[in-house]
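In what follows, a single structure is set out as structure tokens and then discussed.
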Amino acid sequence: MPMMTVTINGKEQQVPEDTTVLGYLKEMGIDPLRVVAEVSGVIIDKKNYGGCILKERDVVEIIQFVGGG
Amino acid sequence: MRDDLIIAGTSVRSRLITGSGKYRDERIIKDVLEAAGCDIVTVALRRVDFDRPRENVLKHIPKGKVILPNTSGARNASEAVRIARLAKAMGCGNWIKIEVINDQKYLLPDNMETIRATETLAGEGFVVLPYMSPDLAAARRLCDAGAAAIMPLGAPIGSNRGLRTRELIEILVAEMSIPVIVDAGIGRPSHAAAAMEAGVDAILLNTAIATADDPVAMARAFRLAIEAGRSAFLAGLGSESRSARPSSPLTGFLETEEKV
């Protein structure tokens, strides 16, 4: 499988070319319902995680709620 | 008669808003919220740490509470707007506490950037509660920009120093038609009671409860103090004077002779 370079939560990494947001979250063991994904500045609707295929050089933010004041 | 706190048409019973940060063990949050009797809870947004995934804090917050995400970490208006949009995409409502801070020593908010962010987000339909330095001109601009309430600080975040900005907050209470919620600095129940006596609409607390030896007991203490302060405000406080004013009648002493 050809690889591509993306930056996820500030970390540059190699992922397979057809990686989707949903696929990445599953791979990492993260419940997709409790996070929000932003791909190169665009917030992805939760129901589109499976259809959102990452591209070379995408900058991805995976965000969650944490305790805060 | 009920004395609800009304923010943007939403009516809640409790005038104590609590934060969910700084707990040694987040499993205690549920009991804290119950003891505090609070209806609105703040949370923050952060990147998922894939190496050390953290529990979802929402797991500890019972259903039915209003979730108030903050924009902590934002250094300007556009970062706050970005964080607010991400928070909304989480699907827990459209409330947002704007927090724009570019001073790391005192964590004092940047009112000008806060006003800009408020304008944008209120325009997008968010219920916007901005954390601010207590300044009347800024408060008026926030109100004009569509803020649902204003949240002036009592003292720097986490300092537990109480209502140091009292005189300025009293001016906001007198002049503003939207709720005034003291956010930051309240360290003791007596501070909270004093702020409520001064007429503020609600108090947002985090550090004072979360870092107490017994957070659940402290949450209860704050609830009682805030209820007491609110009741005193509604009852109308007596006036102050420099000299004494007797509480008992000054006539009719046993040894005084009655003049016939």
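Hydrogens, waters and symmetry mates play no part in the numbers below; they use all other heavy atoms, side chains included. Everything numeric in this text was worked out from a predicted model, so none of it was measured. Naming convention: chains lettered A, B, ... in sequence-line order (proteins, then strands); numbering from 1 in each chain.
No other option in B:Arg85, B:Lys97, B:Arg82 has as many heavy-atom pairs under 4.5 Å with chain A as B:Arg82. Most heavy-atom pairs under 4.5 Å with chain B, from the set A:Gly10, A:Gly29, A:Gly41: that is A:Gly10. Comparing A:Val36, A:Asn9, A:Ile8 by heavy-atom pairs within less than 4.5 Å of chain B, the highest count is held by A:Asn9. Considering only heavy-atom pairs separated by less than 4.5 Å from chain A, the leading option among B:Asp49, B:Asn206, B:Asn70, B:Leu86 is B:Leu86.
Proximity to chain B (any heavy atom under 4.5 Å) is restricted, for A:Ile30, to the side chain, taken from C-beta onward. For B:Lys59, no part lies under 4.5 angstrom from a heavy atom of chain A. When heavy atoms are compared at a cutoff of 4.5 Å, B:Leu58 approaches chain A solely by way of its side chain, counted from C-beta outward. Contacts of A:Glu61 with chain B are made by side-chain atoms alone, with heavy-atom separations under 4.5 Å and no backbone atom involved. With a 4.5 angstrom heavy-atom cutoff, A:Ile44 does not touch chain B via any of its atoms. Of the two parts of A:Ile62, the backbone and the side chain both hold a non-hydrogen atom closer than 4.5 Å to a non-hydrogen atom of chain B.
Taking NZ of B:Lys30 as the start and NZ of B:Lys65 as the end, the distance is 10.0 Å to the nearest 0.5 Å. Rounded to the nearest 0.5 angstrom, B:Asp201 CG and B:Arg15 CZ are separated by 6.0 Å.
For the pair B:Val41/B:Leu33, a side-chain contact is recorded, criterion being any heavy-atom separation below 4.5 Å from C-beta on. Side-chain contact between B:Ile7 and B:Leu129 is present, with heavy atoms from C-beta onward closer than 4.5 Å. Between B:Asp183 and B:Leu153 there is no side-chain heavy-atom pair separated by less than 4.5 Å.
Atom CZ of B:Arg46 has more than 12 heavy atoms from other residues, nucleotides or ligands within 6.0 Å. In B:Arg161, the CZ atom is not crowded: 12 or fewer heavy atoms of neighbouring residues, nucleotides or ligands sit closer than 6.0 Å. Enclosure of atom CD in B:Glu34 is not indicated, since only 12 or fewer non-hydrogen atoms of other residues, nucleotides or ligands lie within 6.0 angstrom.
For B:Val127 against B:Ala8, the heavy-atom pair with the smallest separation is CG1-CB, 3.9 Å.
At a threshold of 4.0 Å, the pair B:Glu99-B:Arg75 does not count as salt-bridged, since none of the basic side-chain nitrogens sits closer than that to a carboxylate oxygen.
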List the steps and the verdict of side-chain contact (heavy atoms from CB on, under 4.5 Å) for B:Asp51 and A:Lys11.
CA-CA 12 Å; B:Asp51 299 325; A:Lys11 216 184 260 180; 3.1 Å; yes
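Taking 4.5 Å as the heavy-atom cut-off, the residues of residues 16-24 of chain B that approach chain A are B:Gly19, B:Ser20, B:Gly21, ordered by number.
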